[in-house]
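Working notes, beginning with the structure itself.
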Number of protein chains: 2
Amino acid sequence: MALAQVKEFFFNLIPTMTEEKWQSFEAIATVRHYKKGDVIIKPGMVSNHVSFINKGLLRSYYLVDGKEIIVSFFDSDCYFSEYESFLSRKPSNQYADVLEDTEMVEITYDDLQNLYGKYADCERAGRLIAEQLFVELCNRNTSFMLQTPEERYHRFYEECEQIANRIPQYMIASYLGITPEALSRIRSRIRNKPTAAIPASAIDAE
Amino acid sequence: MALAQVKEFFFNLIPTMTEEKWQSFEAIATVRHYKKGDVIIKPGMVSNHVSFINKGLLRSYYLVDGKEIIVSFFDSDCYFSEYESFLSRKPSNQYADVLEDTEMVEITYDDLQNLYGKYADCERAGRLIAEQLFVELCNRNTSFMLQTPEERYHRFYEECEQIANRIPQYMIASYLGITPEALSRIRSRIRNKPTAAIPASAIDAE
DNA sequence: CTCATTTATTGATCCAAATCAATTACTCTT
DNA sequence: AAGAGTAATTGATTTGGATCAATAAATGAG
């Protein structure tokens, strides 16, 4: 059943979770299916959902002078939302689209606010999630401030190998903040220096 | 009285705030005074407080190869914390120090968690604050991804003029992710192009 | 007020990545 | 299996900011 994954997730996140509270969540949750290529968020839209991805892969990105600048990937067993727009209630300035056929469980802004008001545990879950996203964003930010593109590349493979292996290289480049050409050269540099810090599979997936 | 500012702030943030809840907060809050130059956080320390700045100015920064890379400024009427370390309960990898004599009201991690457990409203305040910080960090991140140093410079003056006017230029450069020399050149470029998008006072504070 | 120190500017050179331009390698689709 | 379209590589050139170096301006301590 499509809600089993989220259920397990929530019962883990909130130690005092009960069947009753879960019913409240279930009552407002919607299971949705998207196809590869579907565009979920466009600039100007106010994001009105947070979702839990059962299966699939998405990304969010800016489009500047016809060029995509990828902000984030969203993989199975994680949340998906254009959370900045969702929270600030302002129009998004990015796109989000589907990289692999996706099943997710979503709830609306209003329903979530009601849930927060109804159960302190849900409020807490909301806090913990916001805090966790904050910490993750700190990391990404630090990565941009302190690391070279090559270092970011290595790190991306360390931390997100199962995403890296499912997307074209130009998307990795975009996520790292460089051009596809630059990434290609970084890879060739790594290939030629036998100081291979990452598994060969990451370079030459064969 | 040193707590009046925070009190007003909290009553604004939480519509259902009561004197009773406020007392709970007051009981665990500590007023602290720091002098310009005091170092509050060092790499390796786990940040154990969140604070509300009554008056003063602080910054957090990385130290890489003897060079400071400023992450954030913290001005009066805002929070101060190395929130990433505070939340994740992991050692910080940055410094935080005091740029102007500062008075702030701080509470500890444990006291805050207790407060969260005791009052749903405090839990909510914690969520709202985390969400707000997330949105702000998104903005900073976007700025790094999409804007040129010159654009970031203009934006910094638009959004943080009262900070900009109190700190040396090399700190602005650091915050913008460039060297002092590069900022100096940006400024001279702006000065010579009569397309002055920012007030003269911002360039030539006289 | 003066001198020492810190900060800002300016110049010359260097470098990593961007850009522009082909070419080669994949991957779908039929 | 062939061909079209997409993705990746490689080469040549440009460029914005870094770095190194020196000077000028501002600040502050005595």
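Naming: A, B, ... by sequence-line order, numbering from 1 per chain.
Residue B/Ile186 contributes atom CD1, which lies 14 Å from atom P of C/dA8 at whole-angstrom precision. Rounded to an integer number of Å, the gap from A/Arg189 CZ to C/dA16 P is 8 Å. Atoms NZ (B/Lys36) and P (C/dT6) sit 13 Å apart, rounded to a whole Å. Rounded to whole Å, the distance from OH on B/Tyr153 to C1' on D/dG17 is 17 Å. Remark: P of D/dG17 and CD1 of B/Ile178 are 7 Å apart, rounded to the nearest angstrom. Taking atom CZ of B/Arg187 as the reference point, atom C1' of D/dG16 lies 19 Å away to the nearest angstrom. Atom CG of A/Leu183 is separated from atom P of D/dA8 by 9 Å (rounded to the nearest Å). The interatomic distance linking A/Arg191 (CZ) with D/dA8 (P) rounds to 12 Å, in whole Å.
Side chain to side chain, B/Tyr153 and B/Arg187 meet the donor-acceptor criterion of an N or O pair below 3.5 Å. Side-chain atoms of B/Glu106 and B/Thr30 form no donor-acceptor pair, as typed in the model, at a separation below 3.5 Å. Judged by distance alone, the side chains of B/Tyr34 and B/Asp97 never bring a donor and an acceptor atom under 3.5 Å apart.
At C/dA18, one or more side-chain N or O atoms of A/Thr179 fall inside 4.0 Å of OP1 or OP2 (strictly under the cut-off). For A/Gln169 and D/dT9, the shortest distance from a side-chain N or O to OP1 or OP2 is below 4.0 Å. The side chain of B/Arg185 contributes no N or O atom lying less than 4.0 Å from OP1 or OP2 of D/dG16.
Annotation: cation-pi geometry not satisfied between B/Arg155 and B/Tyr157 (NZ/CZ under 6.0 angstrom from ring centroid, within 45° of ring axis).
Contact annotation for A/Thr148: no contact, since no heavy-atom pair falls under 4.0 Å across all strands.
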